[in-house]
Amino acid sequence: MRDAEVERTLARIANPVFRAAGLNPASVHVYIVNDRELNAFVAGGQNIFLFTGLLARLETIDQLRAVIAHETGHITGGHQARRDQAMKGARGMALIGMIGAAAATAGGSPTAGLAIASSSRQAAERSMLAHNRAEEASADQAGIRYMAAAGSDPAAMLEVLDLFRGQEALMPSRMDPYALTHPLWSERIALLEQKTATLPHGDGPSPEDVYWHARMVAKITGFLGRPSEVQRRYPAGDGSEAATLARAIAAHRRPDPARAAALADTLIAARPEDAYYHELKGQFLLESGQAGGAVAAYRAAVALAPDGPLILAGLGRALLNLEDGAADAEARAVLTRSAALDKANAGVYRDLALAEARLGDEGAASLATAERFVLEGRFADAERHAGRAAGLLPAGSPGWLQAQDVITVARRAQK
């Protein structure tokens with residue numbers, strides 16, 4: 001799942017842990033898996049995968065940092081190298097493809113893919129990501145040290161384990177995946193209790209971090225939760241900003257466009273300089289068939305966050321929905337900038353291909369389509385479209401050279 005606000009919030013929460021572990025935050029990639037399961041894992045190097053079900057369930061920032069710190073302990077402990085050997089025997093090819101895509105992204109390759117949401121993972125996870133007790137204990141101990149060094153409460157790791165206490169008594173088919181892949185031996189809990197008692201507990205997260213975390217949970221709950229979940233978590237008497245956000249999204253999903261727009265305007269009135277609220281209104285309007293209003297909302301968001309690739313992508317998509325030549329030309333420029341800032345968004349290349357085709361540049365359209373197919377792991381299609389692009393673009397031009405690169409990557413991937 002891609003969302004500019006959620007990704008920024010996760011960076012705020014995770015980066016202090018990464019720095020405490022001696023890692024460069026820019027070298028660790030956090031991916032959001034759109035799945036209601038309560039799970040998290042490390043794969044393909046310095047890549048942490050957090051499921052939306054877990055993000056919505058954890059109640060505090062320190063609980064979320066505890067999960068991130070534990071997974072960071074696996075990274076710094078070198079545990080992934082051993083699991084890579086186990087990966088060779090896994091039968092879940094969709095997960096293997098996902099891990100390969102994550103590894104490519106971590107290496108800075110423009111051909112990295114994020115086909116996470118479409119993967120069927122459970123069987124592969126259970127064979128590849130089942131951690132042994134020594135690794136889990138090691139990750140626990142490292143994680144609580146990183147928590148303390150980051151100024152968080154290391155006891156939050158015990159709170160997370162308590163959420164899954166008793167899971168070992170369930171049949172595997174009924175267990176939460178996090179409990180299944182992160183076994184909760186009593187020795188681990190006892191060791192954590194002893195260690196956390198000796199560590200400083202910090203001052204807790206800042207009010208600003210708490211605010212953004214509440215917004216993240218509201219957004220995930222609003223978009224992915226059932227209506228009953230939104231009502232239960234944000235009852236009628238809750239007048240908080242997070243509750244208004246969740247209700248706005250729930251109204252949009254019902255759909256009740258008028259109420260969704262009114263609540264979005266309420267949020268914008270409270271925080272007119274907040275790019276994410278303008279972006280949200282743009283999404284509401286675009287998905288309700290109001291392209292003109294969506295363009296205006298996205299323009300306001302871009303003015304506040306000019307280097308936000310996902311916000312630029314939204315503006316580009318809204319412009320394409322105007323179905324106007326001048327708007328198509330602007331969309332091409334906006335989407336090209338978005339792709340330059342974030343090379344791992346297949347949707348941007350899909351929209352860019354449409355803009356190029358409408359503007360009559362079939363070579364550029366084929367190249368954008370080839371880039372999209374590489375990101376989606378469709379390498380035969382990528383090779384075919386890149387070959388077409390190479391035949392249409394001027395030899396030696398930047399586009400032609402990029403087409404040659406795509407052909408090379410696609411052919412290697414098919415061997």
Side-chain angles (χ1 to χ4, degrees), residues 1 3 5-14 17 30-42 48-72 74 116-117 121-122 125-126 129 131 136 139-140 143-144 147 152-170 172-184 188-189 192 204-205 209-235 238 240 242-243 245-247 249-250 253:
M1 186 192 82
D3 182 272
E5 179 181 350
V6 173
E7 290 177 6
R8 175 181 177 272
T9 299
L10 284 175
R12 290 180 64 97
I13 294 171
V17 174
V30 178
Y31 296 97
I32 310 163
V33 182
N34 184 3
D35 196 300
R36 293 177 62 85
E37 292 177 352
L38 277 64
N39 205 1
F41 60 90
V42 173
I48 297 176
F49 296 81
L50 301 173
F51 285 38
T52 53
L54 190 70
L55 295 177
R57 173 71 179 277
L58 297 178
E59 297 177 353
T60 69
I61 289 177
D62 279 351
Q63 289 179 358
L64 177 53
R65 278 188 174 145
V67 171
I68 294 170
H70 175 91
E71 301 305 329
T72 302
H74 283 304
I116 300 172
R121 299 166 307 271
Q122 286 192 8
E125 280 180 24
R126 295 182 181 191
L129 303 177
H131 306 167
E136 289 304 306
D140 286 344
I144 60 173
M147 291 275 290
S152 297
D153 184 357
M157 193 169 291
L158 286 168
E159 297 172 4
V160 173
L161 295 183
D162 280 340
L163 289 175
F164 298 92
R165 188 181 294 273
Q167 288 278 324
E168 296 103 321
L170 300 177
S173 60
R174 296 178 56 199
M175 292 175 67
D176 287 309
Y178 194 77
L180 188 65
T181 58
H182 296 69
L184 305 182
R188 285 179 59 202
I189 297 176
L192 280 177
D209 284 348
V210 171
Y211 166 78
W212 286 106
H213 176 257
R215 276 181 55 164
M216 178 183 74
V217 172
K219 200 168 194 180
I220 291 173
T221 304
F223 272 117
L224 304 179
R226 300 182 182 91
S228 59
E229 292 178 62
V230 177
Q231 294 173 2
R232 183 175 64 254
R233 192 157 198 163
Y234 305 99
D238 186 348
S240 67
L245 174 57
R247 291 184 195 118
I249 296 167
R253 291 179 63 202

**Student:** For a side-chain contact (heavy atoms from CB on, under 4.5 Å) check, start with the C-alpha distance between Met216 and Leu64, then their side-chain angles and the critical distance, and finish with the verdict.
**Tutor:** CA-CA 12 Å; Met216 178 183 74; Leu64 177 53; 3.9 Å; yes
**Student:** Could you report the tightest heavy-atom contact between Val217 and Ala56, atom names first, then the distance?
**Tutor:** CG1-O, 4.2 Å
**Student:** Please report the C-alpha distance between Thr52 and Phe223 in whole Å, then the side-chain angles of each, then the deciding distance to 0.1 Å, and finally whether the side-chain contact (heavy atoms from CB on, under 4.5 Å) criterion is met.
**Tutor:** CA-CA 11 Å; Thr52 53; Phe223 272 117; over 6 Å; no
**Student:** Show your reasoning for whether side-chain contact (heavy atoms from CB on, under 4.5 Å) applies to Leu161 and His70.
**Tutor:** CA-CA 11 Å; Leu161 295 183; His70 175 91; over 6 Å; no
**Student:** What is the minimum heavy-atom distance between Val210 and Pro205, and which atoms define it?
**Tutor:**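 Shortest heavy-atom separation between Val210 and Pro205 comes out as CG2-CG, 3.9 Å.
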**Student:** Please round to the nearest 0.5 Å and tell me the distance separating atom NE2 of His74 and atom CG of Asp140.
**Tutor:**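 Output value for this atom pair is 7.5 Å.
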**Student:** Using the six-membered ring wherever Trp is involved, compare the ring planes of Phe51 and Phe41 and label them parallel, tilted or perpendicular (cut-offs 30° and 60°).
**Tutor:**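 Rings of Phe51 and Phe41: perpendicular, over 60°.
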**Student:** Starting at CD of Glu5, measure out to CG of Leu10 and round the result to the nearest 0.5 Å.
**Tutor:**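 The CD atom of Glu5 sits 10.5 Å away from the CG atom of Leu10.
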**Student:** State, to 0.1 Å, how close Met147 and Ala69 come at their nearest heavy-atom pair, and which atoms those are.
**Tutor:**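 Closest approach of Met147 to Ala69: CG-CB, 3.8 Å.
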**Student:** For Arg36, check side-chain hydrogen bond (donor to acceptor under 3.5 Å, both in side chains) against everything at least two apart and list the hits.
**Tutor:**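 For Arg36 the side-chain hydrogen bond (donor to acceptor under 3.5 Å, both in side chains) partners, ignoring immediate neighbours, are Glu229.
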**Student:** Give the intermediate values and the outcome of side-chain contact (heavy atoms from CB on, under 4.5 Å) for residues Glu159 and Asp62.
**Tutor:** CA-CA 9 Å; Glu159 297 172 4; Asp62 279 351; 6.0 Å; no
**Student:** What are the two closest non-hydrogen atoms of Leu245 and Arg215, and how far apart are they?
**Tutor:** CD2-O, 3.6 Å
**Student:** Sub-3.5 Å donor-acceptor pair from the side chain of Arg8 to the main-chain atoms of Trp212, do we have one?
**Tutor:**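 Here the side-chain-to-backbone pair does not exist.
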**Student:** Please give me the minimum heavy-atom distance between Ala242 and Ala214, naming the atom from each residue.
**Tutor:** CB-O, 3.8 Å
**Student:** Nearest 0.5 Å please: distance from the CG atom of Asn34 over to the CG atom of Leu55.
**Tutor:** 10.5 Å
**Student:** Nearest 0.5 Å, please: how far is CD1 in Ile32 from CD1 in Ile48?
**Tutor:** 12.5 Å
**Student:** Rounded at 0.5 Å granularity, tell me how far CZ in Arg226 sits from CD in Gln231.
**Tutor:**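 Answer rounded to 0.5 Å: 13.0 Å.
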**Student:** Should Asp3 and Ile220 count as side-chain neighbours, where that means a heavy-atom distance under 4.5 Å?
**Tutor:** no
**Student:** Using 0.5 Å steps for rounding, measure from the OG1 atom of Thr60 to the NE2 atom of His213.
**Tutor:**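 Reported to 0.5 Å precision, the distance equals 7.0 Å.
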**Student:** Give the minimum heavy-atom separation between Ala250 and Val230, together with the two atoms involved.
**Tutor:** CB-CG1, 4.1 Å
**Student:** Checking side chain to side chain donor-acceptor pair (under 3.5 Å) for the pair Asp238/Ser240: CA distance, chi angles, key distance, verdict?
**Tutor:** CA-CA 6 Å; Asp238 186 348; Ser240 67; 2.8 Å; yes
